Engineer: 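The following block contains the structure, expressed as structure tokens.
A quick note: this is a predicted structure, and the numbers were derived from the prediction, not measured. Here is how names work: the chains are called A, B, and so on, in the same order as the sequence lines, proteins then strands, and each is numbered from 1.
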Amino acid sequence: MDKIYNHKGIEERIYSMWEKGGYFTPKIDPAKKPFTILLPLPNANDPMHMGHALFTVQDILIRYHRMKGDPALWLPGGDHAGIETQFVFEKYLSKQGKSRFDFDRETLYRMISEFVEKNKNINRDQMKRLGFSLDWTRYHYSLEPEIVETVLDTFRQLYKDGLIYRDERLVNYCTRCGTGFSDLEVKDQELEGLLYFINFPLLKGDFIQIATTRPETILGDVAVMVNPKDKRYKHLVGETVILPITNRKIPIIADEHVDMKFGTGAVKVTPNHDFNDFEIAKKHKLYYPPIIGFEGKMQNTKTDYDGLKVLIAREKILGDLKVKNLYAYAKKHHMVVKICYKCGKTLEPLPLPQWYVKTKPLAAPAIKAVKEGKTKIVPLKRFEKLYFDWMKNILDWNISRQIVWGPRLPVWYKVDGNEQRIWVSFLTQGSVKQGLVDQHLRDGYSFDEIVKGLQRLLIPIYENKNKQPEVYVGKKQPEDGLWIQETDTFDTWFLSSQWPLTTLGFPDSEDFRYFYPTSLLDTMWDILFFWVARMMMMGLYRAKEVPFKIIHLHCRIVDAKGQKMAKSRGNVMNPIDMVDKYGADALRFSLIFGAAPGSDIAISDDKIRGMRNFSNKIWNVGRFIKINIDNFKIQNIDISECGFKAHRSHLQPADKKILSQLGSLEKAVTKNIEGYRFDKAAERLYEFIWHVFADKYIEAVKERLKNNDQTALSVLKKVFDACLILLHPFMPFVTEEIYEKLNSDRKIPLIISSWPQV
RNA sequence: GGACCCGUAGCUCAACGGUAGAGCGUUCGGUUUACAUCCGAAAGGUUAGGGGUUCGAAACCCUUCGGGUCCACCA
């Protein structure tokens with residue numbers, strides 16, 4: 001044995017020994033209760049980050065249960081990660097001077113698919129480097145046909161149950177990414193902006209001054225609004241305003257919604273580009289077409305503003321207002337804009353027909369399940385409160401995304417008779433054609449050509465149901481006449497919300513019957529709403545049973561200064577670099593050690609190095625025992641099994657003491673793992689092995705070993721073996737390696753050795 | 001605007017009603033062959049401030065200050 005533990009080479013050899021031995025694959029045994037964890041599926045084409053390394057918690061639980069003899073399944077998978085992946089791919093495309101508009105849907109989809117295939121294994125290999133005992137034979141990818149089929153089936157089921165509907169509402173839309181988002185996916189950005197004060201002329205003469213942060217939307221206004229209690233404006237309600245620039249005449253209306261203290265107390269109303277205004281305009285039945293399009297350019301204004309980008313239009317309009325002497329002044333204004341969580345561009349509220357899931361009926365059972373304790377949230381009660389608050393105030397879920405990377409909604413619209421109601425853009429002979437189907441057909445394109453090159457379709461929602469093209473939701477396109485499939489794809493979370501079902505082979509498979517509901521889900525709290533809450537809803541909806549019994553929320557990893565790791569801060573630490581440098585065991589242990597539940601987990605090079613020193617300490621304790629076994633002058637004693645028993649009567653006080661301390665350690669470690677206090681378990685092990693066993697007991701026993709005291713050697717060996725077992729879930733590599741060296745006669749590797757009975 | 005969390009050793013955090021601890025860092029002393037990736041020792045805390053409850057408070061309550069998070073709104 002080397003003087004120093006060198007993890008390189010050893011880790012690889014040990015991992016492949018485990019994998020080849022099939023120890024990660026549990027045997028289904030109806031007589032035993034399984035222990036199951038689903039790996040929160042990482043983005044299949046994303047390399048691992050420190051957050052993923054925290055899945056160590058799951059490995060600890062899995063290894064612990066495996067050693068206890070439970071059929072322990074830790075199920076890995078990869079996510080196609082819709083918008084995330086398409087965004088990465090588009091960046092890659094743009095490096096080659098291309099964009100998504102250069103391809104029809106099918107081609108683009110195929111290209112992204114190949115791109116993901118190429119990168120899929122990176123993440124998998126990295127998980128192995130951490131020593132994760134995942135059952136790779138059960139690996140699933142979120143776009144496997146069987147999985148997608150189940151997901152589509154859920155959609156059809158929801159539709160049948162009246163829990164899916166299509167509606168045209170304002171959606172936060174990213175004009176760069178070309179898609180709308182659900183409310184959850186929107187990020188806020190604070191900035192110092194300007195509040196502009198503008199005079200709107202009144203038809204009867206004089207003017208009313210309004211305040212706005214978005215002067216360009218004047219082009220789409222339908223009213224000026226004041227508070228009915230506002231004495232300053234009471235006499236103006238009902239009057240007519242001549243909208244600057246376009247000279248359109250709009251009314252002054254009164255609504256409680258207006259805050260009299262803000263700005264001038266008079267607000268312009270732009271129905272299609274502001275969430276409140278949208279509601280107000282609906283209430284007052286005021287209509288004007290959207291003046292900003294999906295490319296972020298002005299439209300429908302019938303002025304030379306059409307075609308200008310929003311910010312350019314804003315500058316131009318301010319100039320024009322100044323010329324007309326209607327611009328009063330601007331003042332600094334602290335404001336918050338909504339930005340795309342992916343690319344950071346300011347989102348544009350735009351009216352868009354989208355598919356929604358009615359969430360209230362799904363949330364009710366999910367609330368009940370947690371209330372009744374069918375699913376428990378640990379470690380902190382406060383997350384339970386967060387869960388209830390969100391579930392109770394849940395909004396309907398927009399599941400439409402205008403991207404290609406994901407399964408399309410299994411929805412078809414009838415084309416016959418609706419040629420003038422369906423707008424499509426499609427690619428043909430290298431150029432994009434946009435317009436109504438009717439127009440394309442008259443331009444001489446065949447319907448097949450349109451479908452083949454289809455990029456996107458848009459069908460408004462008509463108040464008059466007779467005008468609405470017939471919708472078909474089913475397994476495949478109806479055979480009578482011409483139909484066109486919805487171009488929207490599913491929100492990624494719609495797929496991942498069903499992961500516990502799909503990955504286990506719902507609706508019917510041996511795995512599903514045996515492993516569902518899973519034992520525990522471990523994840524960070526930031527996706528509690530995105531993912532965990534939705535898995536609860538979908539699991540209960542489809543399987544009538546909760547998807548997991550425990551939700552274990554771990555915390556954020558921060559750097560040594562307590563700062564969040566971010567590329568922009570330059571403090572991102574790559575877990576694989578740390579594994580290379582200090583070993584997987586060291587990294588794993590440093591993520592657990594000192595990581596109290598509910599507080600951030602601070603990690604630094606220094607800390608990992610400290611834990612590497614611990615793995616080396618263990619190595620050297622093993623080395624010391626091995627040297628003594630090899631040099632032992634009394635031959636023919638069986639150290640591995642009987643040595644200890646044979647000499648029980650010869651135990652000295654020091655031996656008895658260490659054995660009793662070991663007993664307490666076994667109890668404490670077991671109790672702390674069961675109570676999800678991995679930090680405490682790790683600290684006890686560290687303290688015992690290093691400062692009790694090594695520093696005290698070994699030092700005390702050295703003289704006896706020189707005198708060939710069998711009892712001393714037996715106790716030494718016994719205590720250390722027990723330590724290796726207890727430590728194995730935390731530091732699997734070094735413990736397995738030493739165990740093998742000390743027990744070369746044994747057939748059973750440490751990974752499946754028995755956990756002590758306590 | 002609503003809710004929540006955290007202020008304890010230089011740093012990161014424990015202790016959750018009963019003598020304030022650990023890791024890392026710092027200082028001093030050690031090459032007695034398992035380990036210098038080591039061993040031994042030391043320094044370092046009116047537990048953010050104030051008030052209250054209690055025989056006893058870092059812990060429970062009130063309050064001030066400081067740091068952070070989530071949700072809603074933001075014309």
Side-chain angles (χ1 to χ4, degrees), chain A residues 1-6 183-184 188 190 193 195-198 210-215 217 221 224-226 255 257-259 261-270 273-277 280 333-338 380-386 388-390 392-393 395 525-526 528-529 555-556 558-564 582-583 586 589-590 593-628 677 679-680 682-684 686-687 690-691 694-696 698-699 702-703 705 716 720 738:
Chain A
M1 276 174 86
D2 292 340
K3 276 179 88 156
I4 284 168
Y5 173 57
N6 183 6
D183 305 294
L184 277 180
D188 288 342
E190 294 191 36
L195 184 64
Y196 302 93
F197 292 79
I198 296 161
I210 61 93
T212 180
T213 54
R214 298 201 62 184
T217 58
D221 284 349
V224 168
M225 177 168 66
V226 297
D255 198 292
H257 174 76
V258 179
D259 175 2
K261 288 188 213 107
F262 188 91
T264 61
V267 191
K268 59 194 231 38
V269 180
T270 322
H273 307 288
D274 178 278
F275 287 90
N276 285 310
D277 292 6
I280 300 272
H333 180 56
H334 184 81
M335 54 196 271
V336 178
V337 295
K338 293 186 186 298
L380 291 179
K381 272 280 175 209
R382 72 182 151 110
F383 289 116
E384 221 164 77
K385 187 173 157 38
L386 202 66
F388 287 132
D389 286 352
W390 188 75
K392 279 177 191 150
N393 300 310
L395 297 170
W525 49 264
D526 64 341
L528 184 64
F529 305 143
C555 278
R556 206 174 44 163
V558 294
D559 69 8
K561 288 176 191 148
Q563 288 191 310
K564 192 176 163 180
Y582 296 124
F589 212 70
S590 60
F593 195 92
S599 60
D600 291 342
I601 300 163
I603 186 124
S604 62
D605 197 277
D606 280 343
K607 186 173 179 188
I608 304 170
R609 186 158 45 80
M611 296 307 148
R612 187 274 317 267
N613 294 353
F614 180 49
S615 64
N616 188 61
K617 186 74 189 178
I618 295 156
W619 176 262
N620 273 289
V621 172
R623 182 160 177 258
F624 178 77
I625 294 173
K626 176 93 169 101
I627 288 169
N628 277 286
R677 290 304 305 263
D679 57 322
K680 281 190 175 180
E683 277 160 38
R684 285 296 299 263
Y686 184 99
E687 175 65 21
W690 199 321
H691 301 302
D695 291 350
K696 301 275 163 22
I698 290 184
E699 289 308 319
K702 274 180 176 170
E703 276 306 306
L705 290 172
L716 207 55
F720 189 57
I738 297 169

Engineer: For the pair made of CG in A:Asp188 and P in B:A72, what is the distance, rounded to whole Å?
Structural biologist: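 So the two atoms are 8 Å apart, to the nearest Å.
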Engineer: Check this one for me: any side-chain N or O of A:His691 less than 4.0 Å away from OP1 or OP2 of B:G23?
Structural biologist: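 Yes, such a contact exists.
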Engineer: Whole angstrom is fine here: how far is it from CZ in A:Phe388 over to P in B:C4?
Structural biologist: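 The answer, rounded to whole Å, is 16 Å.
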Engineer: Testing A:Asp221, A:Asp277, A:Thr212 one by one against A:Lys268 for a side chain to side chain donor-acceptor pair (under 3.5 Å), which residue passes?
Structural biologist: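 Considering A:Asp221, A:Asp277, A:Thr212, a side chain to side chain donor-acceptor pair (under 3.5 Å) with A:Lys268 is found only for A:Asp221.
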Engineer: Could you tell me how far B:U12 sits from B:G68 if I compare only their P atoms? Round to whole Å.
Structural biologist: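 14 Å, rounded to whole Å.
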Engineer: Taking only the C1' atom of each, what is the distance from B:A9 to B:A58 in whole angstrom?
Structural biologist: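 One C1' to the other, the span is 14 Å.
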Engineer: Answer yes or no: is there an ion pair linking A:Glu699 with A:Lys702, defined by an N-O contact shorter than 4.0 Å?
Structural biologist: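 Salt bridge between A:Glu699 and A:Lys702, a charged N being under 4.0 Å from a carboxylate O: yes.
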Engineer: Stacking here means centres under 5.5 Å and planes under 30°; does A:Tyr686 stack on B:G23?
Structural biologist: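 Answer is no, no stack.
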Engineer: Show me the pairs that pass salt bridge (Lys or Arg N to Asp or Glu O under 4.0 Å) and involve residues 606-620 of chain A, at least two apart or across chains.
Structural biologist: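 Salt bridge (Lys or Arg N to Asp or Glu O under 4.0 Å) check on residues 606-620 of chain A returns A:Asp606-A:Arg609.
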Engineer: Can you tell me how far P of B:A75 sits from CZ of A:Phe275, to the nearest Å?
Structural biologist: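 The distance from CZ of A:Phe275 to P of B:A75 comes to 12 Å, rounded to the nearest Å.
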Engineer: Using the test side chain to side chain contact (heavy atoms under 4.5 Å, CB included), find all partners of A:Asp259 that sit at least two apart in sequence or belong to another chain.
Structural biologist: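 With sequence neighbours excluded, A:Asp259 shows a side chain to side chain contact (heavy atoms under 4.5 Å, CB included) to A:Lys261, A:Phe262, given in chain and number order.
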Engineer: Determine the interatomic distance between P on B:U69 and the same-named atom on B:C13; round to the nearest Å.
Structural biologist: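 Result for the P pair: 14 Å, nearest Å.
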Engineer: Here's a test of your reading of the structure: between A:Trp390 and A:Ala266, which maps to the more 5' nucleotide of RNA chain B?
Structural biologist: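 Here A:Trp390 is the residue nearer the 5' end.
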Engineer: Quote, to the nearest angstrom, the P distance that separates B:C6 from B:G44.
Structural biologist: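 The answer is 30 Å between these two P atoms.
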Engineer: Checking the side chain of A:Asn620 only, and the main-chain atoms of A:Asn616 only, is there a donor and an acceptor separated by less than 3.5 Å?
Structural biologist: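 Looks like yes, one N/O pair under 3.5 Å.
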Engineer: Using whole Å, what does the distance between atom C1' of nucleotide B:A75 and atom CD1 of A:Ile198 come to?
Structural biologist: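 Atom CD1 in A:Ile198 sits about 11 Å away from atom C1' in B:A75.
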Engineer: Could I get the full list of side chain to side chain contact (heavy atoms under 4.5 Å, CB included) partners for A:Phe388, not counting sequence neighbours?
Structural biologist: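 Side chain to side chain contact (heavy atoms under 4.5 Å, CB included) check on A:Phe388 returns A:Ile367, A:Val370, A:Lys371, A:Glu384, A:Lys392.
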Engineer: Roughly how many Å apart are B:U53 and B:A57, using the C1' atom of each and rounding to a whole number?
Structural biologist: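 Rounded to whole Å, the distance is 10 Å.
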Engineer: Nearest 0.5 Å please: distance from the CD1 atom of A:Ile698 over to the CZ atom of A:Phe624.
Structural biologist: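 CZ of A:Phe624 is found 6.0 Å from CD1 of A:Ile698.
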Engineer: Hey, what's the ring geometry for A:Tyr686 with A:Phe589, parallel, tilted or perpendicular (30° and 60° as the breaks)?
Structural biologist: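 Rings of A:Tyr686 and A:Phe589: parallel, under 30°.
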Engineer: With a 4.0 Å cut-off on heavy atoms, is A:Phe262 in touch with a base, just the backbone sugar-phosphate, or nothing at all?
Structural biologist: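 Since a base atom lies under 4.0 Å of A:Phe262, the category is base.
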Engineer: What distance, rounded to whole Å, do you find between the two P atoms, one in B:U46 and one in B:G10?
Structural biologist: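 So the two P atoms sit 9 Å from each other.
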Engineer: Mind checking the CZ-CD spacing from A:Arg684 to A:Glu687? Nearest 0.5 Å is all I need.
Structural biologist: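 Rounded to the nearest 0.5 Å, the CZ-CD separation comes out at 8.5 Å.
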Engineer: Using Watson-Crick and G-U wobble pairs with both distances under 3.5 Å, what is the 5'-to-3' dot-bracket string of RNA chain B, with [ ] for crossing pairs and | for pairs outside the strand?
Structural biologist: (((((((..((((....[..)))).(((((.......))))).....(((((..]....))))))))))))....
Engineer: Roughly how far apart, to the nearest Å, are B:G2 and B:A22 at atom C1'?
Structural biologist: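 Looking at atom C1' only, B:G2 and B:A22 are 39 Å apart.
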Engineer: Just how far, in rounded Å, is C1' of B:U37 from CD1 of A:Ile618?
Structural biologist: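 After rounding, the gap between these two atoms is 12 Å.
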Engineer: Sugar-phosphate means primed atoms, P, OP1 and OP2; the rest is base. With that split, encode nucleotides 29-36 of chain B 5' to 3' as B, S or - using protein heavy atoms under 4.0 Å.
Structural biologist: -----BB-
Engineer: Once you round it to whole Å, what is the distance between P of B:A22 and CD1 of A:Ile601?
Structural biologist: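 It works out to 22 Å between those atoms.
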Engineer: Do side-chain atoms of A:Glu683 reach the backbone of A:Gly594 as a donor and acceptor pair under 3.5 angstrom?
Structural biologist: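 Checking the backbone N and O of A:Gly594 against the side chain of A:Glu683, a donor-acceptor pair under 3.5 Å is found.
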Engineer: Give me the distance, rounded to whole Å, that separates B:G25 from B:C39 when you measure between the P atoms they each carry.
Structural biologist: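 After rounding to an integer number of Å, I get 13 Å for this pair.
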Engineer: Measuring from A:Ser615:OG to A:Tyr582:OH, what's the distance to the nearest 0.5 Å?
Structural biologist: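 Rounded to the nearest 0.5 Å, the OG-OH separation comes to 11.5 Å.
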Engineer: Tabulate atom names and distances for all N/O pairs under 3.5 angstrom spanning the protein and nucleotides 14-19 of chain B.
Structural biologist:
| unit_1 | atom_1 | unit_2 | atom_2 | d |
| --- | --- | --- | --- | --- |
| B:A14 | OP1 | A:Ser599 | OG | 3.2 |

Engineer: Rounded to the Å, how far apart are A:Arg556 CZ and B:C13 C1'?
Structural biologist: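 Atom CZ in A:Arg556 sits about 15 Å away from atom C1' in B:C13.
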Engineer: Any side-chain heavy-atom pair from A:Phe720 and A:Ile738 closer than 4.5 angstrom?
Structural biologist: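 A side-chain contact under 4.5 Å exists here.
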Engineer: Parallel, tilted or perpendicular for A:Trp619 and A:Tyr5, by the 30°/60° rule?
Structural biologist: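 Ring orientation, 0 to 90° scale: tilted.
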Engineer: Give the rounded distance in Å between these two atoms: CG of A:Asp389 and P of B:C70.
Structural biologist: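 Atom CG in A:Asp389 sits about 15 Å away from atom P in B:C70.
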Engineer: Using a cut-off of 4.0 Å on non-hydrogen atoms, how would the nucleic acid contact of A:Val258 be classed: base, sugar-phosphate, or nothing?
Structural biologist: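 Touches a base.
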